Amino acid sequence: MEHKFSFEKLNVWETARQLTKTIYIITKEQYPDTEKFGLVSQMRRAAVSVCSNIAEGTSRTSTKDQAHFYQISYSSLMELLNQCIISNDLNYISEETLVAIRAKVEKTGNMLNSLRKSCLNKQHPNK
């Protein structure tokens, strides 16, 4: 069995990873070439940022730093949702696709918030 790093063991990282894969597939198949360096690039960067900040957060030694990176990850997740809403407004993705992405964003966001709160509770156990 190969060694797994701590972030690879987190369900939230796996969920965010699957969301990133979904975004890459959708932006490859459904967006015009004119958006390659616009919305597509921004959406992909935001999706990768969600996963990357979870991974980076797990490498931090203080719970305060960990919580900070999980907050950045959540912010990138909200940025991605905004870009998906705009994509729907521009008819690049369907309402059905937006609903499916929104469900994945909500699941990922709930998991991220729980992870962040867990870090903060370790930092201030009496709160």
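None of the values given here were measured: they were computed from a predicted structure.
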What class does the angle between the rings of Y31 and Y92 fall in, given that below 30° is parallel, 30 to 60° is tilted and above 60° is perpendicular? tilted

Which heavy atom of E14 sits nearest a heavy atom of R17, and at what distance? OE1-NH1, 2.9 Å

F5 and F7 aromatic ring geometry - parallel, tilted or perpendicular at 30°/60° bounds: parallel

Provide the closest heavy-atom pair for L77 versus V105 in the form atom of the first, atom of the second, distance. CD2-O, 3.5 Å

Measuring from atom CG of D89 to atom CD of Q83, what distance do you get when rounded to the nearest 0.5 angstrom? 12.5 Å

Kindly determine whether R102 and C84 satisfy side chain to side chain contact (heavy atoms under 4.5 Å, CB included), including the steps that lead there. CA-CA 9 Å; R102 186 181 282 276; C84 290; over 6 Å; no

Has S41 got a side-chain atom pairing as donor or acceptor with G38's backbone, closer than 3.5 angstrom? no

Dump the intermediate steps for side chain to side chain contact (heavy atoms under 4.5 Å, CB included) on R116 and Y74, then the final yes or no. CA-CA 10 Å; R116 182 173 174 272; Y74 185 85; over 6 Å; no

Counting distance only, does the side-chain N/O of T15 pair as donor-acceptor with the main-chain N or O of N11 below 3.5 Å? yes

Hphob cluster co-occupancy, I23 + L98, side-chain heavy atoms under 4.5 angstrom: yes

Taking the six-membered ring for Trp, are Y70 and H68 closer than 6.0 Å centroid to centroid? no

Indicate yes or no for a side-chain donor-acceptor contact from N88 to the backbone of I93 under 3.5 Å, with no hydrogens or angles considered. yes

Using a 3.5 Å distance criterion without hydrogens, assess whether the side chain of S49 forms a donor-acceptor pair with backbone atoms of R45. no

Rounded at 0.5 Å granularity, tell me how far CG in L120 sits from CG in N113. 10.5 Å

For L115 and M111: C-alpha separation, side-chain torsions, deciding distance, then whether side chain to side chain contact (heavy atoms under 4.5 Å, CB included) applies. CA-CA 6 Å; L115 185 58; M111 294 170 84; over 6 Å; no

Tell me if a side-chain donor or acceptor on Q66 pairs with a main-chain N or O of C119 at a distance below 3.5 Å. no

Check: S73 side chain, V50 main-chain N or O, donor-acceptor pair, under 3.5 Å: yes

Looking at E56 and R60, does any basic side-chain N land under 4.0 Å from a carboxylate oxygen? yes

